[in-house]
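These notes are about the structure you will find just below.
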Amino acid sequence: MAVEATAPGKAILFGEHGVVYRGPAVVLAIDRRARVVASERADGRVFFDALDLGFSGYFEGETYVPVYGQPWRGKNLQPLLVSARKTMEHIGADSGMDIKVRSEIPIAAGLGSSAAICVATVASVGELLGGSLTPDEICELAYEGEKVVHGTPSGVDNNISTFGGVLRYERGVGIERFELDGALPFIIGNSKRKRSTRRLVERVRRLREREPELVDRIIEAIAQVSQDGLAALKSLDLPRVGDLMNVNHGLLASLGVSIAKLDIMVHLSRGAGAYGAKLTGAGGGGCMIALSDESNLENIRRALLRCRGEPHIVGITYEGVRTRRID
Ligand code: PMV
């Protein structure tokens with residue numbers, strides 16, 4: 001017997017970087033999912049098959065033994081190992097495990113692939129061992145795995161992956177979830193440039209140290225855009241959402257977190273008919289996101305391909321983590 005769990009990735013629509021200091025971030029669950037299949041194995045090992053990502057191997061105690069791929073890949077697997085172990089601890093079980101990981105979510109691109117994989121790992125291992133975990137428990141256990149990668153992340157990624165939908169997050173205020181009354185077509189463009197969230201947050205912090213008043217005004221403006229953006233999103237006022245996305249991109253660029261390729265992708269998307277376009281996530285590479293009518297999606301997709309971006313037409317998904325038994 002095996003259990004498959006799937007969980008969605010995410011895109012930040014408004015408020016990245018600002019949210020580190022003040023104001024909300026608005027985050028969407030996107031219909032690209034990570035998939036984890038867990039089954040028990042008798043020899044006590046925790047075996048990971050991540051062949052899509054180019055590696056497989058197992059842990060005996062804390063030691064990673066590669067079967068395929070480089071030994072340092074064990075580091076990539078730490079969050080999954082922690083997620084699986086914390087889940088077993090939580091339900092008072094201890095078993096060897098085969099964990100197969102597949103994902104439609106581009107990695108290291110700010111689309112929440114690590115959180116989605118952690119959430120799906122917790123859900124599949126939990127269900128397999130008869131844990132009957134609630135979504136809140138899944139979310140908290142996945143956060144333990146996330147901490148291994150990101151230090152002390154905000155918790156947005158594991159929340160959106162567990163529950164799906166649209167989420168507002170603000171430091172010291174917490175997380176609020178929303179449903180929208182209509183489907184919104186977004187297109188994500190992956191610049192395929194790797195980046196580190198930690199380094200980009202650090203860059204903004206240093207700029208703020210040098211120019212505190214100026215940067216605080218930009219952060220204030222991001223908070224305003226994010227707040228207004230959520231209101232526009234709720235009333236499905238797409239032209240206004242687009243305007244605010246454009247302003248948000250300009251503010252992020254002024255903080256120094258855009259790159260030429262993202263700027264080009266953003267401008268080409270607007271030229272191809274998007275209501276608005278901006279970088280999404282930490283910047284410095286990773287992805288941009290554009291909002292468009294259905295009729296312009298293909299134009300935008302072609303424009304992104306022309307500048308060697310990787311386009312993904314996505315919708316918001318309200319389907320959070322899901323598990324199913326496979327016999
Ligand atoms: O890691 P990403 O690309 O999803 O971006 C995180 C968003 C930031 O605001 C830049 C950092 C944070 O912790 O909120």
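Atoms within a ligand are numbered from 1 in the order they appear, just like the ligands themselves.
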TODO: Compute the centroid of each ring, for F55 and then for Y68, and state whether the two points are separated by less than 6.0 Å.
DONE: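 For F55 and Y68, the ring centres are not under 6.0 Å apart.
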TODO: Compile the protein residues with any heavy atom at a distance under 4.0 Å from an atom of ligand 1; present them by chain, then by number.
DONE: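 Close residues (ligand 1, cut-off 4.0 Å): K10, I12, E16, H17, V19, V20, G110, R195, T197, V201, G281, A282.
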Task: L51 backbone acceptor or donor facing S56 side chain under 3.5 Å - done: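 Answer holds: no.
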Task: G256 backbone acceptor or donor facing R203 side chain under 3.5 Å - done: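 Judged by distance alone, yes, a pair lies under 3.5 Å.
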Open item on the list: Could you check whether R102 pairs with E4 (Lys NZ or Arg NE/NH1/NH2 to Asp/Glu carboxylate O, under 4.0 Å)?
Closed with: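 No, this pair does not count.
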- [ ] State, to 0.1 Å, how close I160 and D157 come at their nearest heavy-atom pair, and which atoms those are.
- [x]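 Here I160 and D157 meet closest at CG2-O, 3.3 Å.
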Please tabulate, for the side chains in residues 284-300, all donor-acceptor contacts under 3.5 angstrom to protein atoms that are two or more places apart in sequence or on a different chain.
{"from": "D293", "atom 1": "OD1", "to": "Y275", "atom 2": "OH", "distance (Å)": "2.8"}
{"from": "D293", "atom 1": "OD2", "to": "Y275", "atom 2": "OH", "distance (Å)": "2.9"}
{"from": "N296", "atom 1": "ND2", "to": "G273", "atom 2": "O", "distance (Å)": "3.2"}
{"from": "E298", "atom 1": "OE1", "to": "R301", "atom 2": "NE", "distance (Å)": "3.1"}
{"from": "E298", "atom 1": "OE2", "to": "R301", "atom 2": "NE", "distance (Å)": "3.4"}
{"from": "E298", "atom 1": "OE2", "to": "R301", "atom 2": "NH2", "distance (Å)": "3.1"}

